[in-house]
Amino acid sequence: MTTSFPMNGGDGPCSFSKNSQLAREVLDGAKGMLRDAIIQNLDIKIILSSSTTIRIADFGCSVGPNTFIAMEHVVQSLKDKLLQVTNSTNNIPEFQIFSNDHVINDFTTLFQSLPIDRSYYAFGVLGTFHGRLFLSRSIHFAIVLVLYTGYLRFLKSCTSNFEVVNAYVAQIEKDMEMLLNARAEEIVEGGMMVLVTPFASYTRLMNFFGMDLVNEISK
């Protein structure tokens, strides 16, 4: 991937921060499932045995407040998991959150919406998430909001050439394989990654993601 297409920066009428309601609705709708996934699957005992800091990566953060609203929920869910396992609010680890997007993403606008009363340390990480961004076995929890299918629906409405549509699907599958391969190297033992998508019709690609992720983790 050599070309970047970040969301519109700033806070004007055409900016992503003022036109990100779909992403907000997707994240709001996934809150319950996200918490359940953390409670049921994150191996906090293994994580705490080797680290006093929990590192969270938000891939494709874009701009606006959505990413930090989602991160507040992730941190609270992790605290709930800690309470469930340790039955204590003492010795809660520190949290680091890494917001990732393209190099030319408007990180200035993004961090202007950073909550003042946050319970974590925030960092920006520049670069495409289709490749490695972090040290091996350094990330405990990763989240990726997947909105490719909206583009595919738009593409299908604009062309009857199935070869064109299939070529884009094949490219998306390739991109996602690269993403998953990179995350498989970066996520620690006992950690997890969550893919959030609003489209039930995304079965073909999600089946691909799931099998690829299982295969990579099993290595």
Subject >> Inter-residue atom distance Ile54.CD1 - Tyr120.OH, 0.5 Å rounding >> reply: 15.0 Å
Original post:
Are the aromatic rings of Tyr121 and Phe95 close, with centres under 6.0 Å apart?
Top reply: no
**OP:** Could you pull out the closest heavy-atom pair between Gly124 and Phe111, with the gap in Å?
**Re:** N-CZ, 3.6 Å
Original post:
Hey, does the side chain of Ser77 reach the backbone of His73 with a donor-acceptor pair shorter than 3.5 angstrom?
Top reply: yes
Original post:
With the threshold set at 4.0 Å, does a side-chain nitrogen-carboxylate oxygen contact exist between Arg118 and Glu72?
Top reply: no
**OP:** Return the minimal non-hydrogen interatomic distance between Arg132 and Phe134, and the atom names on each side.
**Re:** NH2-O, 2.8 Å
Original post:
Is a donor on one side and an acceptor on the other found under 3.5 Å between the side chain of Arg55 and the backbone of Ala57?
Top reply: no
Original post:
Quick one: does Leu83's side chain get under 4.5 Å of Ser88's, heavy atoms only?
Top reply: no
**OP:** Apply side chain to side chain contact (heavy atoms under 4.5 Å, CB included) to Lys79 and Ser119, showing your working.
**Re:** CA-CA 11 Å; Lys79 289 180 178 179; Ser119 59; 3.2 Å; yes
Original post:
Picking from Ile139, Leu195, Leu133, what satisfies side chain to side chain contact (heavy atoms under 4.5 Å, CB included) with Phe59?
Top reply: Leu133
**OP:** State, to 0.1 Å, how close Gly60 and Phe129 come at their nearest heavy-atom pair, and which atoms those are.
**Re:** N-CD2, 3.6 Å
Subject >> Nearest-0.5 Å distance, CE of residue Met176 to CG of residue Asn181 >> reply: 10.5 Å
Subject >> Gap between atom SG of Cys61 and atom CG of Asn105 - 0.5 Å precision >> reply: 5.5 Å
Subject >> Side chain Asn100, main chain Leu126, donor-acceptor under 3.5 Å >> reply: no
**OP:** Side-chain contact test, heavy atoms from C-beta onward, threshold under 4.5 Å: evaluate it for Ser50 versus Glu189 and give yes or no.
**Re:** no
Original post:
Rounded to the nearest 0.5 Å, what separation is found between the CG atom of Asp175 and the NE2 atom of His130?
Top reply: 4.0 Å
**OP:** Group every Ile, Leu, Val, Met, Phe, Trp and Tyr by side-chain heavy-atom contacts under 4.5 Å, then state whether Val125 and Leu135 land in the same group.
**Re:** no
**OP:** Answer yes or no: is there a donor N or O on one side and an acceptor on the other, between the side chain of Arg137 and the main chain of Glu185, under 3.5 Å?
**Re:** yes
**OP:** Determine whether Val194 and Ile39 fall in the same hydrophobic cluster, where Ile, Leu, Val, Met, Phe, Trp and Tyr are linked whenever their side-chain heavy atoms lie under 4.5 Å apart.
**Re:** no
Subject >> Ser113 (side chain) donor-acceptor with Leu110 (main chain) under 3.5 angstrom >> reply: yes
**OP:** Compare every heavy atom of Leu34 with every heavy atom of Phe141, then report the nearest pair and how far apart it is.
**Re:** CZ-CD1, 3.7 Å
**OP:** Could you check Ile56, Leu114, Thr67 and say which one makes a side chain to side chain contact (heavy atoms under 4.5 Å, CB included) with Ile97?
**Re:** Ile56
Original post:
What pairs meet the ring pair (Phe, Tyr, Trp, His ring centres under 6.0 Å) rule with one or both residues in residues 32-57, with sequence neighbours excluded?
Top reply: none
**OP:** Could you walk me through whether Met193 and Ile143 pass the side chain to side chain contact (heavy atoms under 4.5 Å, CB included) test, one step at a time?
**Re:** CA-CA 6 Å; Met193 182 177 76; Ile143 183 169; over 6 Å; no
**OP:** Return the minimal non-hydrogen interatomic distance between Pro93 and Leu48, and the atom names on each side.
**Re:** CG-CD2, 4.0 Å
Original post:
Looking at OG of Ser138 and CD of Glu186, how far apart are the two atoms once the value is rounded to the nearest 0.5 Å?
Top reply: 6.0 Å
Original post:
Below 4.5 Å, heavy atoms only, C-beta onward: do Ile187 and Met192 meet side chain to side chain?
Top reply: no
Original post:
Has the side chain of Thr86 got a donor or acceptor atom that lies under 3.5 Å from a matching backbone atom of Leu82?
Top reply: yes
Original post:
Are Val85 and Ile38 connected, step by step, through hydrophobic side chains (Ile, Leu, Val, Met, Phe, Trp, Tyr) whose heavy atoms are closer than 4.5 Å?
Top reply: yes
**OP:** Look up atom NE2 in His140 and atom CD in Gln96, then write down how far apart they are to the nearest 0.5 Å.
**Re:** 9.5 Å
Original post:
How would you list, by chain and number, every residue that makes a side-chain hydrogen bond (donor to acceptor under 3.5 Å, both in side chains) with Asp80, sequence neighbours excluded?
Top reply: Arg35, Gln76
Original post:
Any salt bridge between Lys174 and Glu177, counting N to O under 4.0 Å?
Top reply: no
